[in-house]
Amino acid sequence: MILLDIRREVAYLKRYYKTDDPFDVIAYKKILLLYEDLGSINGYYSLILRQKQIHINRNLSCSQQRFTATHELGHAVLHPKANTPFLLANTYQSVDRLEIEANKFAVEFLISDDDLWECMRCRDFSIEQTARYLGYHKKLIELRLK
């Protein structure tokens with residue numbers, strides 16, 4: 001999916017469901033949200049018997065759970081039939097593109113244009129400063145700016 005299309009999809013979801021909260025969108029879309037002990041895995045998306053499921057590591061901080069849930073919502077919306085754990089374990093297919101798209105979905109959903117404007121124009125923050133201020137990795141801010 002083209003990055004501009006992801007931006008449009010996020011805007012559509014927020015407008016359609018009248019919310020900026022990814023957990024609300026997950027609930028409205030009737031996606032099963034499960035909190036589990038996943039060890040070193042932050043979360044994953046699965047489709048089992050036509051039921052979309054988002055699995056979140058319960059040991060993450062609230063902000064990490066929010067980002068992970070939004071990233072996995074991106075998979076549910078953009079790649080509803082892709083099973084990335086299966087692809088990684090059983091095929092030689094690269095899932096890099098899918099992960100980049102899900103990250104783009106998450107940062108588009110979670111970081112508003114107003115937040116970026118305030119950081120980078122009003123406060124004259126660098127990308128690194130913006131990342132620290134907003135609480136995201138520098139690479140995610142760079143992806144959001146694309």
Side-chain angles (χ1 to χ4, degrees), residues 1-120 125 127-128 130-146:
M1 179 169 262
I2 299 170
L3 297 181
L4 187 59
D5 292 339
I6 293 172
R7 187 171 172 82
R8 269 193 233 124
E9 184 65 30
V10 167
Y12 169 78
L13 287 171
K14 286 181 172 185
R15 210 173 38 252
Y16 184 82
Y17 292 111
K18 297 176 179 64
T19 184
D20 287 347
D21 188 335
F23 293 104
D24 287 344
V25 175
I26 290 168
Y28 290 141
K29 291 182 79 51
K30 297 185 179 5
I31 299 171
L32 186 60
L33 183 60
L34 304 164
Y35 293 90
E36 304 168 309
D37 289 319
L38 298 175
S40 63
I41 297 170
N42 288 351
Y44 65 95
Y45 163 77
S46 63
L47 178 66
I48 300 173
L49 300 174
R50 293 185 288 179
Q51 172 62 61
K52 293 179 180 181
Q53 300 178 6
I54 293 176
H55 306 257
I56 303 294
N57 190 331
R58 71 170 48 146
N59 300 310
L60 299 175
S61 69
C62 289
S63 63
Q64 289 173 315
Q65 286 182 358
R66 183 177 177 82
F67 180 82
T68 301
T70 311
H71 172 96
E72 301 307 335
L73 174 61
H75 283 302
V77 170
L78 303 173
H79 326 114
K81 294 185 179 175
N83 184 338
T84 53
F86 175 83
L87 291 174
L88 283 171
N90 299 299
T91 73
Y92 294 110
Q93 284 187 296
S94 172
V95 295
D96 291 346
R97 180 184 60 84
L98 302 179
E99 293 303 317
I100 290 168
E101 289 177 354
N103 278 341
K104 178 65 173 171
F105 180 94
V107 293
E108 286 290 341
F109 201 104
L110 295 171
I111 303 171
S112 72
D113 289 341
D114 291 341
D115 290 341
L116 280 178
W117 180 260
E118 181 179 334
C119 288
M120 301 195 84
F125 283 174
I127 291 175
E128 292 84 5
T130 300
R132 280 195 303 271
Y133 182 79
L134 295 175
Y136 297 103
H137 192 278
K138 176 185 167 192
K139 288 189 183 278
L140 292 173
I141 299 300
E142 290 170 345
L143 182 62
R144 175 61 174 83
L145 292 170
K146 281 188 178 180

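Only this structure's heavy atoms are used, side chains among them; waters, hydrogens and symmetry mates stay out.
A heavy-atom distance below 4.5 Å is found between the side chains of Phe67 and Asn103. Residues Phe105 and Leu13 form a side-chain contact, since some pair of their non-hydrogen atoms from C-beta on lies under 4.5 Å apart. Counting heavy atoms from C-beta on, the side chains of Ile111 and Ile141 come closer than 4.5 Å. Side-chain atoms of Met120 and Ile127, non-hydrogen and from C-beta on, do get closer than 4.5 Å to each other. Using a 4.5 Å heavy-atom threshold, the side chains of Glu36 and Tyr44 count as touching.
Residues Asp20 and Phe109 share a closest heavy-atom pair of O-CE2, 3.2 Å. Contact between Arg58 and Tyr35 at its shortest, heavy atoms only, is NH2-O, 2.8 Å. Here the closest non-hydrogen pair linking Ile56 and Gln65 is CG2-CG, 3.7 Å. For Cys119 against Tyr133, the heavy-atom pair with the smallest separation is SG-CD2, 3.3 Å. Across Leu73 and Ile54, no two heavy atoms sit closer than the pair N-CD1, 3.7 Å. In plain terms, the two heavy atoms of Leu143 and Ile100 that are nearest each other are CD2-O, 3.8 Å.
Looking at Lys14 and Asp24, no side-chain N of the basic residue comes within less than 4.0 Å of a carboxylate O on the acidic one, giving no salt bridge. In this structure, Lys146 does not pair ionically with Glu142, as no charged nitrogen and carboxylate oxygen lie closer than 4.0 Å. Comment: Arg144 engages Glu108 in a salt bridge, judged by a side-chain N to carboxylate O separation of less than 4.0 angstrom. Note on Glu128 versus Arg132: no salt bridge recorded, every NZ/NE/NH1/NH2 to OD/OE distance being 4.0 Å or above.
Note that OG of Ser63 and CG of Leu134 are 12.0 Å apart. Values are rounded to the nearest 0.5 Å. Atoms CD1 and CG, from Ile26 and Asp21 in turn, are 8.5 Å apart once rounded to the nearest 0.5 Å. Annotation: the span from Gln53 atom CD to Leu34 atom CG amounts to 5.5 Å, rounded to 0.5 Å. Taken to the nearest 0.5 Å, the CD atom of Glu101 stands 11.0 Å off from the NE2 atom of His71. Note: Leu47 CG to Leu32 CG = 11.5 Å, rounded to the nearest 0.5 Å. Note that the CG atom of Asp115 and the CG atom of Leu110 stand 10.0 Å from one another [nearest 0.5 Å].
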- Run the numbers on Lys29 and Val77 for side-chain contact (heavy atoms from CB on, under 4.5 Å), then give the verdict. CA-CA 10 Å; Lys29 291 182 79 51; Val77 170; 4.0 Å; yes
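When atom types are taken as modelled, the side chain of Asn59 and the backbone of Gly39 share no donor-acceptor pair closer than 3.5 angstrom. A side-chain donor-acceptor contact under 3.5 Å links Glu72 to the backbone of Tyr45. Using modelled atom types, one side-chain atom of Gln51 and one backbone atom of Lys30 make a donor-acceptor pair closer than 3.5 Å.
A donor-acceptor contact closer than 3.5 angstrom links the side chains of His75 and Glu99.
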